[in-house]
Number of protein chains: 2
Amino acid sequence: MPAGLDRDAVERLDAAIHLRLRVKRKDTLYRPGDRFTALYAIRLGTFKTVALAEDGLEQITGYHLPGDVIGADGFGDERHTSQAVALEDSEVCVLPYNQLDRLSATVPELRHNLFRLASRDLCRDHAMMLTLGSRSAEARLTLFLLDLAERFRTRGYSAREFVLRMTREEIASYLGLKLETVSRLFSRFHREGLIRVDGREVRILDRTALEQLVDAALH
Amino acid sequence: MPAGLDRDAVERLDAAIHLRLRVKRKDTLYRPGDRFTALYAIRLGTFKTVALAEDGLEQITGYHLPGDVIGADGFGDERHTSQAVALEDSEVCVLPYNQLDRLSATVPELRHNLFRLASRDLCRDHAMMLTLGSRSAEARLTLFLLDLAERFRTRGYSAREFVLRMTREEIASYLGLKLETVSRLFSRFHREGLIRVDGREVRILDRTALEQLVDAALH
DNA sequence: CGCGAGCTTGATGCCGATCAATGCATGTGG
DNA sequence: CCACATGCATTGATCGGCATCAAGCTCGCG
């Protein structure tokens, strides 16, 4: 968020962030209908965001790691439409919207960053729509693993070995599959030497083969 | 876009819109890699936006009617990531981003509208992800028809009778299905008296039954 | 007229859902 | 400390929805 801001602007942004919030595992940061007041920058931990339809159907629409900013869905109608839940004990910075807005009048870079945030989310969602609409279960899980790996890498963690913070069922929900399918695919990938899985610990053994899997499965 | 702006602001916004663009059927407004310079407000016609993956896979991620603003995907990395194609001879207003940005420094309402735009798109995409990931073909097509109907209604057109501007294949792509499936469903809905279809002309005969179809099919 | 784009309809097959059983931690109360 | 429950994961057997393959139709157009 502060990328490109001069020192004065950063200080004023800091001043606006008067609140850090601890969110315990399974606790909700916001839920549909909650008044939109702020964006939340994740400092520590992992969140899932869940879309809920009027008829009770729900699906996880995103996983969010430290550095991600969530909550932008709420601005459209002043209320959040999705739910954000911590997958582990976490901590966020509260970025009150009225302060961001006031600052963004005088700090062009901040304005850009806010827009860039939303724009990137849009692109990510479009990629996900393509995945959900057109790819096989195999390709979906592969892309999920590679995406996670890449995001860990940019955050300075290992891209080859990591711990999933979500259950099989949550992975399945995100990928539009059933948990049994996810479990079977993990087992198969393991059997084929592509990854090593032990519960939620994953180690990527053959990234190239995984990448080829995605392309190959253009059914 | 001009919602909530005072007269002076509207005039300045008008001044910034020096360009109207005609886009003929099948012509592309922007494509992946194009430098992001502007948003486009549709004045007349219909557009589809298409997501393209590196491996060649593609999927339609949205249909856009007059009043919609498209192009926000391009801001994330200064380049568009998707493609926008006119489904019929159309006309757009070009909203140069640097002008919007300059104006939005002094016109808070414009800032809000820009953000609201992106936020609503995000919510729409999340709803679509849920549909693609969790709903049956039947429910997907029903939601598509009801969504279109609603959007025509808010634009002053009939919600009961309209002409589809896209092919069966394009509908299928948007819904993550195959064109044969879409065709079969249209035929079935027709047979069951829910709609009347003749080529691309659609008339909704029993909206209530359609709405119940969506809920019922919570497989 | 012939041609191609778009649509419909039928027959068949496969991927992933569903149903079901088991295993294995972790936690909890007697 | 044990008995039992609960949440999560794995694996197998079977089923069904949608894809695939294929044929034929209609309509607009050069």
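Values below: all heavy atoms of this structure, side chains included; hydrogens, waters and symmetry mates excluded. Letters A, B, ... are given to chains in the order of the sequence lines, protein chains preceding strands, and every chain is numbered from 1.
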Integer-rounded Å distance: D/dG17 C1' and B/Leu141 CG:
15 Å

Identify, with sequence neighbours excluded, every residue that meets side-chain contact (heavy atoms from CB on, under 4.5 Å) alongside B/Arg184.
B/Glu180

Five pairs at each end of the helix from C/dC1-D/dG30 to C/dG30-D/dC1: take the axis at both ends and give me the angle between them to 10°.
30°

Quick one: ring pair (Phe, Tyr, Trp, His ring centres under 6.0 Å) partners of A/Phe75, sequence neighbours excluded?
A/Phe36, A/Tyr97, B/His112, B/Phe115

Is B/Arg188 salt-bridged to B/Glu138, going by a charged N under 4.0 Å from an acidic O?
yes

What's the CZ-C1' distance between B/Arg140 and D/dC18, to the nearest Å?
9 Å

With sequence neighbours excluded, what pairs up with A/Ser82 under the side chain to side chain donor-acceptor pair (under 3.5 Å) test?
A/Asp73

Among residues at least two apart in sequence or on other chains, which ones pass side chain to side chain donor-acceptor pair (under 3.5 Å) with A/Glu169?
none

By side chain to side chain donor-acceptor pair (under 3.5 Å), which residues pair with A/Thr167, not counting sequence neighbours?
none

Specify the separation, in whole Å, of atom NZ of A/Lys26 and atom C1' of D/dT6.
11 Å

Would you please name every residue forming a side chain to side chain donor-acceptor pair (under 3.5 Å) with B/Glu150, sequence neighbours left out?
B/Arg153

Distance check needed: C/dG16 P versus A/Arg135 CZ, whole Å only.
13 Å

Spacing between A/Arg188 atom CZ and D/dA9 atom P, to the nearest angstrom:
20 Å

Which whole-number value in Å describes the distance from A/Leu175 CG to C/dG16 P?
12 Å

If a pair satisfies side chain to side chain donor-acceptor pair (under 3.5 Å) and one of its residues is in residues 195-206 of chain A, list it, with sequence neighbours excluded.
A/Glu161-A/Arg203

Please tabulate the protein-to-nucleotide N/O contacts below 3.5 Å involving nucleotides 7-11 of chain C, giving atom names and distances.
residue : atom : partner  : partner atom : Å
C/dC7   : OP1  : B/Arg200 : NE           : 3.2
C/dC7   : OP2  : B/Arg168 : N            : 2.8
C/dT8   : OP1  : B/Arg168 : NH2          : 3.2
C/dT8   : OP2  : B/Arg168 : NE           : 2.8
C/dT8   : OP2  : B/Ser183 : OG           : 2.7
C/dT8   : O5'  : B/Ser183 : OG           : 3.1
C/dT9   : OP2  : B/Ser187 : OG           : 2.4
C/dG10  : N7   : B/Arg184 : NH1          : 2.7
C/dG10  : O6   : B/Arg184 : NH2          : 3.0
C/dA11  : N6   : B/Arg184 : NH2          : 3.4

Send over the distance from A/Lys178 NZ to D/dG12 P, rounded to a whole Å.
21 Å

May I ask you to decide whether B/Glu88 forms a salt bridge with B/Lys24, counting only side-chain N to carboxylate O separations under 4.0 Å?
no

Rounding to an integer number of Å, can you tell me how far A/Arg25 CZ sits from C/dG27 P?
10 Å

